[in-house]
Amino acid sequence: MKSLAILTSVFCVPVLCPGLLTSSLAADWPMWGGRPDRNMISGIKGLPSAWEINTKKNIRWMAALGSQTYGNPVVAGGLVLVGTNNEAPRDPKQMGDRGVLMAFRESDGEFLWQSTHEKLATGRVNDWPFQGVCSSPLVENEVVYYVSNRGEVLALDRQGFRDKENDGPFKEERLTSERDADILWKFDMIEEVGAFPHNMSNSSPVSWGELIFVSTSNGQDESHVNVPSPKAPAIIALDKRTGKLVWEDNPVGERVLHGQWSSAAAGVIGGVAQVVIGQGDGWVRSYEAASGKRLWEFDLNPKDSVWPKTRNEVISTPVIYQDRVYIANGQDPEHGEGVGHLYAIDATKRGDITKTGQVWHYDKIRRSISTGAIADGLLYYADFSGFLHCLDVATGKPYWVHDMLAAVWGSPLVADGKVYLGDEDGDVVVLQHGKTKKVLAENNLGSSVYSTPVPANGALFIANRNQLYALAEAEK
Ligand SMILES: [Ca+2]
Ligand SMILES: [Ca+2]
């Protein structure tokens, strides 16, 4: 990268620059959800409905990942970045169980560089074996932000050491070849704010102005009773140039039901820049982005619900759409299936808005860890039991439900008049976008698809457990 001055250049957010959305036919997908509102939609046309692994029909390239991949790909500046583990090691000097962020060239899938992280010595309670990097990076102005399996927020130079320069205040990299990561700064949430991540730190950063926002994943210990670090914040805001802590908030304390694995969304709601996130007590909360002032909070569980049978945590990422927030609750996949709740929330209200802010409540959904997609008055939302729900976004009334016949970890994507959704059986179902259910195709990717299909620059990028595919219509 040329200099850190580039970090201070004006950042154009889509809500302020709507042209970015309408001209997105050839657009990157530089963060989880594509944009800060996290709405899983894209204006890209010409995406394939069908592909075949065996004949390589509509498959541009495939790259090998580790054995378990829970990170979702992002695409920016000619790179595809994805979090995985180290079971397909790229460097004999960096062996053993590690979290890995890999960068591939977008055009042909060539491996470019990686950032690896040894597992925490405390073991599975904080850093589950072989789960790798689970955060989806945010790429902005040549910088890659993500959260490692060690509970660190990192900023990397997108060009790594391929630019022959060691950039940023951080110069202590031990490995500085073209295939290694160039760290600009890092913020250790365990050391700096006392976070005790339960099983895994996973947050996907979002930015607003000069700040980036992440969940600390602070949670219970292995007893599933004690919260060892009740004073640690649930959410932090860091200065994106320096990695310095700007604000933090801890509204949850001892009331963490389990862990904290929701990621934040950001956007202007009712004229105020808000950061919205699900937290460990099963509530969703919103903050004034610049100051961290708490604006509103909403309980995603009925008051008579009981953990863990009927009361849920919240793992989904909220979606911001036209002054409302859409989010479902659910539980760690290890807890299996159960009842869930999906809400539309009026995010212009203030205080405890559990009653006053509820626009509608949909209780026909099961536990969900997915994020929604809203287009043309329709909300698509998947649940862990494998049902994809198509609802009227204004009223919450269902138009149709599709049974995937397998667990769903990822989220639906709406693009090119189609809805794409992957499942644990490795199937990616393609449905027609609209009020009437129509399955267009079902394509198997060979192993479980825990990720969400990512559209960018005319192609679709999908990770299964151990491979990253770039799918595109073959040249006619
Ligand atoms: Ca560099
Ligand atoms: Ca550096």
Side-chain angles (χ1 to χ4, degrees), residues 66-72 83-87 94-101 115-137 145-155 181 183 185-205 213-236 238 243 245 248-250 252-264 277-282 307-308 313-315 330-335 369 409 450:
S67 62
Q68 293 186 44
T69 302
Y70 299 101
N72 285 270
T84 186
N85 71 14
N86 199 35
E87 293 303 288
Q94 303 177 68
M95 299 299 284
D97 188 8
R98 293 172 184 237
V100 183
L101 180 73
S115 182
T116 82
H117 307 272
E118 291 173 19
K119 302 299 276 187
L120 287 170
T122 47
R124 65 200 303 174
V125 64
N126 296 132
D127 186 3
W128 199 270
F130 300 105
Q131 279 201 342
V133 166
C134 296
S135 162
S136 298
Y145 304 93
Y146 71 103
V147 174
S148 78
N149 51 295
R150 299 178 65 86
E152 303 153 317
V153 187
L154 288 107
I183 298 168
W185 55 256
K186 66 177 159 184
F187 182 92
D188 187 329
M189 295 191 284
I190 295 175
E191 275 184 15
E192 301 290 338
V193 296
F196 188 91
H198 185 87
N199 294 355
M200 181 52 64
S201 304
N202 72 317
S203 191
S204 300
F213 309 92
V214 296
S215 157
T216 61
S217 296
N218 191 52
Q220 295 176 332
D221 64 14
E222 278 177 300
S223 71
H224 289 98
V225 176
N226 302 317
V227 177
S229 194
K231 293 195 163 58
I235 182 173
I236 59 170
L238 303 178
L245 183 69
E248 60 182 285
D249 190 49
N250 174 26
V252 182
E254 304 271 5
R255 294 191 309 281
V256 180
L257 295 164
H258 187 204
Q260 304 199 77
W261 300 294
S262 175
S263 291
I277 190 167
Q279 295 180 328
D281 53 354
W307 171 264
E313 51 192 319
V314 51
I315 297 172
Q331 292 193 27
D332 181 340
E334 290 215 334
H335 294 192
I369 59 173
W409 296 53
Y450 296 128

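Hydrogens, waters and symmetry mates are skipped; everything else that's a heavy atom, side chains included, is used. The structure displayed is predicted, hence computed values, not measured ones.
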Is it true that, when you exclude E254 itself, more than 12 heavy atoms of the residues, nucleotides or ligands shown sit nearer than 6.0 Å to its CD?
yes

Does any N or O in the side chain of N149 come within less than 3.5 Å of the main-chain N or O of V133, such that one atom is a donor and the other an acceptor?
no

Within a strict 4.5 Å, meaning less than it, do heavy atoms of the Q68 and Y450 side chains meet?
no

Any sub-3.5 Å donor-acceptor pair from D281's side-chain atoms to V252's backbone N or O?
no

Partner residues of Q220 under the side-chain hydrogen bond (donor to acceptor under 3.5 Å, both in side chains) criterion, sequence neighbours left out:
none

Within-4.5 Å side-chain heavy-atom neighbours: H258 and D332:
yes

Of the non-hydrogen atoms in S262 and G278, which two are nearest, and what is the gap between them?
OG-N, 3.1 Å

Could you tell me if T116 and Q94 have a donor-acceptor pair between their side chains, going purely by distance under 3.5 Å?
yes

Is V193 close to F187 at the side-chain level, that is, under 4.5 Å between some pair of heavy atoms?
yes

Donor-acceptor under 3.5 Å (H335 side chain, P333 main chain):
no

As an exercise, state the distance from CH2 of W185 to OH of Y145, rounded to the nearest 0.5 Å.
6.5 Å

When rounded to the nearest 0.5 Å, the distance separating CH2 of W307 from CD of Q331 is 4.0 Å

If you define the side chain from C-beta out and look only at heavy atoms, does anything of F196 sit under 4.5 Å from V125?
yes

Checking S67 against N85: is there a side-chain donor and acceptor pair closer than 3.5 Å?
yes

Counting N and O atoms only, with roles assigned by atom type, does the side chain of N250 sit under 3.5 Å from a partner on the main chain of P230, one being a donor and the other an acceptor?
yes

S136 versus S204, closest heavy-atom pair with distance
N-OG, 2.9 Å

Counting distance only, does the side-chain N/O of S135 pair as donor-acceptor with the main-chain N or O of S203 below 3.5 Å?
yes

Do we see a donor-acceptor contact under 3.5 Å between the side chains of N218 and T216?
no

Does any part of the side chain of T122, heavy atoms only, come nearer than 4.5 Å to the side chain of D127, both counted from C-beta?
no

Do we see a donor-acceptor contact under 3.5 Å between the side chains of T69 and T84?
yes

When rounded to the nearest 0.5 Å, the distance separating OG of S215 from CD1 of I277 is 5.0 Å

Spatial distance of atom CG (L120) from atom CG (N126) [nearest 0.5 Å]
6.0 Å

Among all residues two or more places apart in sequence or in another chain, which pass the side-chain hydrogen bond (donor to acceptor under 3.5 Å, both in side chains) test with Q131?
none

Between atom NZ of K119 and atom OG of S148, what is the distance when rounded to the nearest 0.5 Å?
9.5 Å

Within the 3.5 Å criterion, strictly below it, is a donor on S115 or Y146 matched to an acceptor on the partner's side chain?
yes

How long is the straight-line distance from CD of Q260 back to CD of E313, given to the nearest 0.5 Å?
9.5 Å

V214 side chain reached by I235 side chain, heavy atoms, under 4.5 Å:
no

Show the numbers, then the answer: is there a side-chain hydrogen bond (donor to acceptor under 3.5 Å, both in side chains) between S217 and N202?
CA-CA 7 Å; S217 296; N202 72 317; 3.2 Å; yes

Considering non-hydrogen atoms only, spot the tightest contact between P233 and I236 and give its length.
CG-CG2, 3.7 Å

